[in-house]
Amino acid sequence: MALPTAPGSPLPAEARGRGRRKRLVWTPSQRDALRASFERNPYPGMATREQLAQAIGVPEPRVQIWFQNERSRRLRQHRRESRPWPGPRGPPEGRRKRTAVTQSQTAVLLRAFERERFPDFATREELARETGLPESRIQIWFQNRRARHPGRAGRGPAAVS
DNA sequence: AGACTAACGTAATCAATGT
DNA sequence: ACATTGATTACGTTAGTCT
C-alpha cells in the first residue's frame, strides 16, 4: 500500500541521499555511562541529558538521539518477548526550554525552506551560523515546518495573511 | 555479506507563549 | 479560549561500522 508517509515509512525522495552529520562512534566508557543513566531513567529531561553530555564529552543532542534509539530498541525487545514496558519512572523531568525564534531568524529559515525543504547537515550548520541558533533546533524547526506546511512543490507564495 | 546502530524521516501529541 | 509553534514521543528507514 502506497501510503505516502506513515510515522516512519519510506523516506520522501528529496530526503534521500542528503548529506548527514558524520556518524559518531561511542567509546566503551561512554556507552557505559549512557546505559547506566538509561537504567536510572529512560526519559531523561534536559538537565540530566546536559549533565551526562558534559560528563562524557559529547554534544547534548547526540545524547538525546541515543536515548530515542535506545528506547526504540528496548521497546521492540520487550514487545517481541511480550513483556510490558515499564514506562517512565518517577516524575517527568523538565524539557528543554522553549527556544524563542526571532522574526529575523524566522525570515532566514523561511527563505532557506523555500529553496530546500530537506537541508543537509552542511546547510543546517550554515543556517545555525547565520541565525545563531543551535543546529539541532534548526533541524527541529524544519521538521515542524514540513509537517505543518505540506510540500505543494512550487506553489504560490501561500497567501499567509 | 549480514548484524548492529547513529542519523534522520513522519505523525501525533504535549506544552509554552501570545492574542 | 484559542492559534501558533517549539519539544518530545513512537516507530520506521537510511546509511556507516564492525565482525
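Here is how names work: the chains are called A, B, and so on, in the same order as the sequence lines, proteins then strands, and each is numbered from 1.
- Distances shorter than 4.0 Å separate some side-chain N or O of A:Arg96 from OP1 or OP2 on C:dT8.
- Distance from the side chain of A:Gln143 is smallest to B:dT10 among B:dT10, C:dA7, C:dA10.
- Nucleic acid contact for A:Arg74: none, since no nucleic acid atom lies under 4.0 Å from a heavy atom of the residue.
- For A:Phe118, the side-chain atoms get nearest to B:dG9 when compared with the rest of B:dG9, B:dC8, C:dG16.
- Between A:Leu133 and A:Leu109, the closest side-chain pair of non-hydrogen atoms falls below 4.5 Å.
- Neither side chain, A:Thr48 nor A:Gln51, offers a donor N or O lying under 3.5 Å from an acceptor on the other.
- Between A:Phe38 and A:Phe67, a ring centre-to-centre spacing shorter than 6.0 Å is recorded.
- Phosphate contact (OP1/OP2 of B:dA6, side-chain N/O of A:Arg62, threshold under 4.0 Å): absent.
- The side chain of A:Arg21 has B:dC8 as its nearest neighbour among C:dT8, C:dC18, B:dC8.
- Applying the 6.0 Å contact sphere to CZ of A:Arg73 captures more than 12 heavy atoms from other residues, nucleotides or ligands.
- Taking atom CZ of residue A:Phe142 and atom C1' of nucleotide B:dA7, one finds them 17 Å apart after rounding to whole Å.
- Residues A:Asp120 and A:Thr123 bring a donor and an acceptor atom of their side chains to less than 3.5 Å of each other.
- In this structure, A:Ser72 does not reach the C:dG12 phosphate: none of its side-chain N or O atoms is under 4.0 Å from OP1 or OP2.
- Closest to the side chain of A:Trp141, from the set C:dG6, C:dC11, B:dG9, is C:dG6.
- Put simply, A:Arg124 has a side-chain N or O that comes within less than 4.0 Å of OP1 or OP2 on B:dC8.
- Here B:dC8 presents its P atom at 17 Å from CZ of A:Arg117, a figure rounded to the nearest Å.
- Donor-acceptor pairing under 3.5 Å, judged by distance alone, is absent between the side chain of A:Arg145 and the base of C:dT5.
- Taking only side-chain nitrogens and oxygens, A:Arg73 never comes nearer than 4.0 Å to OP1 or OP2 of B:dA3.
- Of the candidate nucleotides C:dA10, C:dC18, B:dT10, C:dA10 has the atom lying nearest to any side-chain atom of A:Leu75.
- Remark: A:Tyr43 is in phosphate contact with C:dA10, judged by side-chain N or O atoms under 4.0 Å from OP1 or OP2.
- Heavy-atom contacts from other residues, nucleotides or ligands closer than 6.0 Å to CZ of A:Arg83 number more than 12.
- A:Asn69 places its CG atom 15 Å from the C1' atom of C:dT17, with the value rounded to the nearest Å.
- Between the C1' atom of B:dA12 and the CZ atom of A:Arg146 lies a distance of 16 Å, rounded to the nearest Å.
- In this structure, CZ on A:Arg71 lies 8.0 Å from CH2 on A:Trp85, to the nearest 0.5 angstrom.
- Atom CG in A:Asp120 sits about 13 Å away from atom C1' in B:dA7, given to the nearest Å.
- Rounded to an integer number of Å, the gap from CZ of A:Arg79 to C1' of C:dG12 is 11 Å.
- Remark: A:Phe142 CZ to A:Phe118 CZ distance equals 10.5 Å, nearest 0.5 Å.
- Using a 4.0 Å heavy-atom criterion, one finds that A:Leu24 contacts the sugar-phosphate atoms exclusively.
- Across the protein-nucleic acid pair, A:Arg31 atom CZ and B:dC4 atom P stand 13 Å apart, rounded to whole Å.
- Summarising the geometry, the separation between CD on A:Glu60 and P on C:dA7 is reported as 11 Å, rounded to the nearest angstrom.
- Between the CD atom in A:Gln30 and the CH2 atom in A:Trp66 there is a gap of 11.5 Å [rounded to 0.5 Å].
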Please write out the pairs of protein N or O atoms and N or O atoms of nucleotides 15-17 of chain B separated by less than 3.5 Å, giving the distance to one decimal.
unit_1 : atom_1 : unit_2  : atom_2 : d
B:dA16 : N3     : A:Arg98 : NH1    : 3.3

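- Taking only distance into account, the side chain of A:Arg23 meets the base of B:dT5 through a donor-acceptor pair shorter than 3.5 Å.
- For C:dT8, neither phosphate oxygen OP1 nor OP2 lies less than 4.0 angstrom from any side-chain nitrogen or oxygen of A:Gln68.
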